[in-house]
Structures are given as C-alpha cells and as structure tokens.
Amino acid sequence: MGELGSTVLADGISILASSQAAEEEGGGGSNFLIPNGTFFVVLIIFLIVLGVITKWVVPPISKVLSEREAMLAKTAADSRKSAEQVAAAQADYDQAMAGARTEASSIRDEARTAGRQVIEEKRAEAGGEVAEIVREADSQLSEQRSSTKAQLDSSVDGLSATLASRILGVDVNSGGSR
C-alpha cells in the first residue's frame, strides 16, 4: 500500500498543481463541470483512509466475526449432539421401563397363580379336616346312640315292668302269669 499510496499522492499533487496553474492563467471563469484540485485531494485522502481501514481495521474485525461464526457452529453442533444423546437416553429409559413393566406383570401373574394354589390347598386341607371332623362326630354319635340304645333297652324293660305293675296293681317282675 505504501508504493501505491505515494504514487497516488504524487499524482494528486501534480494534478492539483496543474489545475492551480491553469486557473491562474485562465483568469476567473471556472466551469463547474470540470473538477478542480480539491476534488482530487479529497479523493486521494479517501483512498488513503480506505487503504488504512482495509489493511489494519478490517482483518481484526473479520477474524472476530469468523471466530464468532465458528463458535456458533460449534454450539449448534453441540446442541444437536446433546439432543441426540437425550433422545437416545429417553429411548433407553422407555425400553427399560417397558421391560420393567413386563417383568412386574409376570411377577404379579406368578403371585396370583401361587395365591390361587395356596387357596386351593388350604380349601382342600380344610375340606379334609371338615370331613375328618364329620366322620369323628358321626362315629361318636353312633357310639353314643348305641350306648344310649343299650341303656334305654335295659331301662325300658325295668320301667315297663314297673309301670305295668303300678297300672295293673300286680307285681309283673315276679314272673307270675295267669
């Protein structure tokens, strides 16, 4: 930029000098359509400022902008990666929960089956105990009936003889028959 700037500056100064010389020779009439030396000096200063901005101001700003874009791209990539990890973790969680539900259901069904078996066993046990108790009660009643019948049979003979003796007024036990 140094050579170009000095060349442009030199050209601008020479143009300015020539335009001032032409003005001094020509007198007082200036045409507004023909640019005077001020325009060229301002143009040269503008080009120098533009060159300085291009060389020393734009590169750091471009660097900061590119770093920011890279950071945004990295953040977006990290966000996508995190979203994928969350989705994978959710899928694993759902799968584990489905397995746990299935296992819990099978355990519950096994417990119901075991409970039904225990209930059936206890019912059968209770039915057997009831049948045993009924048999024992029946045998006890049968024994009591037999003993009571024997007692009644032996007492009925004596009682009937006593009753017949009282009613008839004759001793029936003595064996007297008419």
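Linking Ile, Leu, Val, Met, Phe, Trp and Tyr residues whenever their side-chain heavy atoms come within less than 4.5 Å leaves Val49 and Val42 in two separate clusters. A continuous path of ILVMFWY side-chain contacts below 4.5 Å connects Ile53 to Ile45, so both sit in one hydrophobic cluster.
Between the side chain of Ser105 and the backbone N or O of Arg101, no donor-acceptor pair lies under 3.5 Å. No side-chain donor-acceptor contact under 3.5 Å links Ser142 to the backbone of Asp138.
In this structure, CG in Leu43 is found 10.0 Å from CD1 in Ile48, a value given to the nearest 0.5 Å. To the nearest 0.5 Å, atom OG1 of residue Thr113 and atom CZ of residue Arg108 are 12.0 Å apart. Once rounded to the nearest 0.5 Å, the distance linking CD1 of Ile133 with CD of Glu129 reads 6.5 Å.
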Taking only distance into account, with no hydrogens and no angle test, what donor-acceptor pairs under 3.5 Å do side-chain atoms of residues 61-84 form with protein atoms, sequence neighbours excluded?
residue : atom : partner : partner atom : Å
Ser62   : OG   : Val58   : O            : 3.0
Ser66   : OG   : Ser62   : O            : 3.2
Ser66   : OG   : Lys63   : O            : 2.8
Thr75   : OG1  : Met71   : O            : 2.8
Ser82   : OG   : Asp78   : O            : 2.9

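Remark: Glu103 CD is loosely packed, at most 12 non-hydrogen atoms of other residues, nucleotides or ligands lying under 6.0 Å away. More than 12 heavy atoms of other residues, nucleotides or ligands lie within 6.0 Å of CD in Glu132, so this atom counts as buried by the packing criterion.
Results of the side chain to side chain contact (heavy atoms under 4.5 Å, CB included) test with Ile119 over Glu121, Arg116, Arg123 single out Arg123 as the only residue that passes.
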